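Every value quoted in this text rests on a predicted model; they were computed, and no experiment measured them. Position 1 is the first residue of the sequence, and the numbers go up from there.
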Amino acid sequence: GLGLGLTGQARVLDSRNKRPDSLVAARQAVEVLQPLASSASPSVSARRTIGFANLYLGFSQQRNNEEEASVKSLEAARDAYRSIDGLKLDDLPSAVAYAEASAWEVEALRALGRIDEARRVTAEATHVAGQVLERRPSHMGALRARALLQSALANAEWNELHVEKAHELFRQAVVAVRRRVRVTRF
């Protein structure tokens with residue numbers, strides 16, 4: 001309850017361009033959930049909530065130029081989502097959330113110059129998003145996550161002056177976005 005409420009409040013504050021206040025609420029959400037996260041065997045809904053709160057905290061930290069902290073929070077989100085079913089795709093929402101958290105982590109890793117880690121995280125998460133899309137070709141969250149991943153890695157490759165690789169990744173991101181737009185048309 002309270003953890004989700006604080007995360008929701010953080011999102012509202014962020015949308016009102018109150019980033020420092022949003023970051024405070026996002027941190028409080030994760031702090032409130034910490035006892036639950038460290039319990040012996042949290043329920044699936046608890047793990048999902050812990051993942052969601054850490055994902056938003058990591059996103060918020062990144063927007064406030066706290067990339068190192070962002071990587072830690074997003075890794076905690078990935079761990080929470082992975083713990084739900086081991087990414088066996090018995091729980092598609094957790095797999096997609098894992099891919100999205102990974103995409104934001106890749107952005108933070110890129111900003112820190114940790115390109116090899118960014119490539120590793122992208123490969124893992126793109127595989128997961130791809131598996132979701134094999135089962136559900138028009139899964140909006142998986143399409144979005146894959147586009148975010150490809151775009152983030154393309155930026156990293158561009159910074160490393162791997163222009164051809166970056167161009168191909170940008171092209172793939174555009175294809176994923178176009179697929180997503182096609183799916184949403186009536």
Margin query: I need the minimum non-hydrogen distance between Q131 and L89, along with the two atoms involved.
Written below: CB-CD1, 3.2 Å

Notebook entry, point to check: Which pairs with one or both residues in residues 20-30 pass side-chain hydrogen bond (donor to acceptor under 3.5 Å, both in side chains), sequence neighbours excluded?
Noted result: R27-E66

Notebook entry, point to check: Okay, side chain of S60, backbone of Y56: is any donor-acceptor separation there less than 3.5 Å?
Noted result: no

Note to self: Is it true that D91 and Y81 share a donor-acceptor pair across their side chains at a distance under 3.5 Å?
What the structure shows: no

Notebook entry, point to check: Can you name the salt bridge (Lys or Arg N to Asp or Glu O under 4.0 Å) partners of R19, sequence neighbours left out?
Noted result: none

Margin query: Does this structure show an ion pair linking E100 with R146, if we count only N-O contacts that are shorter than 4.0 Å?
Written below: no

Note to self: The criterion is salt bridge (Lys or Arg N to Asp or Glu O under 4.0 Å); which residues satisfy it with E31, sequence neighbours excluded?
What the structure shows: none

Notebook entry, point to check: Do the charged groups of R119 and D116 touch, with an N to O distance under 4.0 Å?
Noted result: yes

Notebook entry, point to check: Got a salt bridge between R82 and D79, using NZ or NE/NH1/NH2 to carboxylate O under 4.0 Å?
Noted result: yes

Can you give me every donor-acceptor pair (side chain of residues 34-43, partner residue at least two apart or in another chain, under 3.5 Å) with its distance?
| from | atom 1 | to | atom 2 | distance (Å) |
| --- | --- | --- | --- | --- |
| S38 | OG | Q34 | O | 2.7 |
| S39 | OG | L36 | O | 2.8 |
| S43 | OG | S45 | OG | 3.2 |
| S43 | OG | A46 | N | 3.1 |

Item checked: Distance-minimising heavy-atom pair for N64 and P20 -> OD1-N, 4.1 Å

Margin query: Using a 6.0 Å cut-off, check whether atom CZ of R114 has over 12 heavy atoms from anything other than its own residue.
Written below: yes

Margin query: For R110, is there an ion pair with E67 - N to carboxylate O distance below 4.0 angstrom?
Written below: no

Margin query: Quick one: does any side-chain atom of T126 pair with a main-chain N or O of A123 as donor and acceptor, under 3.5 Å?
Written below: no

Item checked: Listed partners of T7 passing side chain to side chain donor-acceptor pair (under 3.5 Å), at least two apart -> none

Notebook entry, point to check: What are the two closest non-hydrogen atoms of V106 and A118, and how far apart are they?
Noted result: CG2-O, 3.7 Å

Item checked: Atom pair CZ (R48) and CG (L55), whose distance is rounded to the nearest 0.5 Å -> 13.0 Å

Check: Between L23 and L57, is any pair of side-chain heavy atoms under 4.5 Å apart?
Finding: yes

Note to self: Could you report the tightest heavy-atom contact between G58 and L74, atom names first, then the distance?
What the structure shows: CA-CG, 3.8 Å

Notebook entry, point to check: By ring-ring contact (aromatic ring centres under 6.0 Å, His included), which residues pair with Y98, not counting sequence neighbours?
Noted result: none

Check: Would D85 and S94 satisfy side-chain contact (heavy atoms from CB on, under 4.5 Å), going step by step from the backbone distance to the final call?
Finding: CA-CA 8 Å; D85 74 346; S94 67; 4.0 Å; yes

